[in-house]
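In what follows, a structure is listed as structure tokens, so that the remarks can point back to it.
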Amino acid sequence: MIQTDISTKEDIQTLVDTFYDKAKTHPLLGPIFNKIIGDHWDQHLPKMYSFWASILLGEQSYQGNPMIKHIELSKKVQLTEKEFDAWLLLFSTTVDELFIGEKANEAKLRANGIAGLMLNKIQSS
Ligand code: HEM
């Protein structure tokens, strides 16, 4: 398969769908997603499409506060460096498997930065 960069909303959907398909069966992350999201993936996935389309395509459609969401989440499930490392590895591997280019790199960089901030906020909350 010839890899191209992330450039459309369809690309974002492919990335998000592929990532969460893997996350659902991941030994460490799967139980977290299944516990919190359960069978409400139809509500979670569109939020994630908007989130990444806002970051990578400048869509400005995402209205939410991921920091607060994950601080709340960390009170219900274990969210330590171990979980964030696993999340980042899975995300980066998925990006690399599907895309190549500037936006693909930006996706990985932004995920790293946001994950670092989240972990920091969680640890000091
Ligand atoms: C250990 C790592 C992570 C786990 C286990 C995790 C898990 C979750 C779960 C279970 C939800 C749904 C929360 C709910 O509906 O109550 C959620 C929402 C979300 N996550 Fe994560 N997450 C992680 C890291 C990240 C990172 C690094 C990012 C960003 C790069 C991110 C972005 C989001 C966004 C945008 C939402 C939607 C928040 C909203 O409702 O507006 N997550 N996450």
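In this structure the side chain of Lys69 reaches within 4.5 angstrom of the side chain of Glu72, judged on heavy atoms. Residues Phe84 and Ile122 meet the side-chain proximity criterion, which asks for heavy atoms closer than 4.5 Å. Between Ile12 and Leu15 there is no side-chain heavy-atom pair separated by less than 4.5 Å.
Atom CD1 of residue Ile37 and atom CD of residue Gln43 lie 10.0 Å apart, to the nearest 0.5 angstrom. Expressed to the nearest 0.5 Å, how far OG1 of Thr18 lies from CG of Leu98 amounts to 4.5 Å. Rounded to the nearest 0.5 angstrom, Gln78 CD and Ile32 CD1 are separated by 7.5 Å. Here the OG1-CG distance, from Thr94 to Leu90, works out to 4.5 Å after rounding to the nearest 0.5 Å. Note that OG of Ser92 is 8.5 Å distant from CH2 of Trp87, once rounded to the nearest 0.5 Å. Here Gln60 contributes atom CD and Gln63 contributes atom CD; the two are 10.0 Å apart, rounded to the nearest 0.5 Å.
The number of heavy atoms from other shown groups lying within 6.0 Å of CD1 (Ile36) is above 12. Surrounding NZ of Lys75 are more than 12 heavy atoms belonging to other residues, nucleotides or ligands, all under 6.0 Å away. Atom CD of Gln3 has more than 12 neighbouring heavy atoms from other residues, nucleotides or ligands inside a 6.0 Å radius.
Checked by atom type and distance alone, the side chain of Asn105 never pairs as donor or acceptor with a backbone atom of Glu102 at under 3.5 Å. Remark: side-chain polar atoms of Gln123 are not paired, donor with acceptor, to backbone N or O of Asn120 under 3.5 angstrom. Listed for the Ser125 side chain is no donor-acceptor partner under 3.5 Å among the backbone atoms of Ile71. A donor-acceptor distance shorter than 3.5 angstrom exists from the side chain of Asp5 to the backbone of Ala104, with no hydrogens or angles considered.
Taking the six-membered ring for Trp, Phe91 and Trp52 have ring centres closer than 6.0 Å.
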CA sep, side-chain torsions, deciding dist, call: His44, Tyr20, side-chain contact (heavy atoms from CB on, under 4.5 Å): CA-CA 10 Å; His44 181 66; Tyr20 286 105; 3.6 Å; yes
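The nearest pair of heavy atoms linking Ser50 to Ser61 is CB-OG, 3.4 Å.
Under the 4.5 Å side-chain contact rule for hydrophobic residues, Ile68 and Phe51 do not share a cluster. No single ILVMFWY cluster, assembled from side-chain heavy atoms under 4.5 Å apart, contains both Leu79 and Leu89.
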Distance-only donor-acceptor pairs under 3.5 Å for side chains of residues 22-29, two or more places apart:
| residue | atom | partner | partner atom | Å |
| --- | --- | --- | --- | --- |
| Lys22 | NZ | Glu97 | OE1 | 2.6 |
| Lys22 | NZ | Glu97 | OE2 | 3.2 |
| Thr25 | OG1 | Lys22 | O | 3.3 |
| His26 | ND1 | Leu28 | N | 3.0 |
| His26 | ND1 | Leu29 | N | 3.1 |

Less than 3.5 Å apart, which donor and acceptor atoms pair up between the side chains of residues 106-119 and the rest of the protein, not counting sequence neighbours?
| residue | atom | partner | partner atom | Å |
| --- | --- | --- | --- | --- |
| Lys108 | NZ | Asp96 | OD1 | 2.6 |
| Asn112 | ND2 | Lys108 | O | 3.2 |

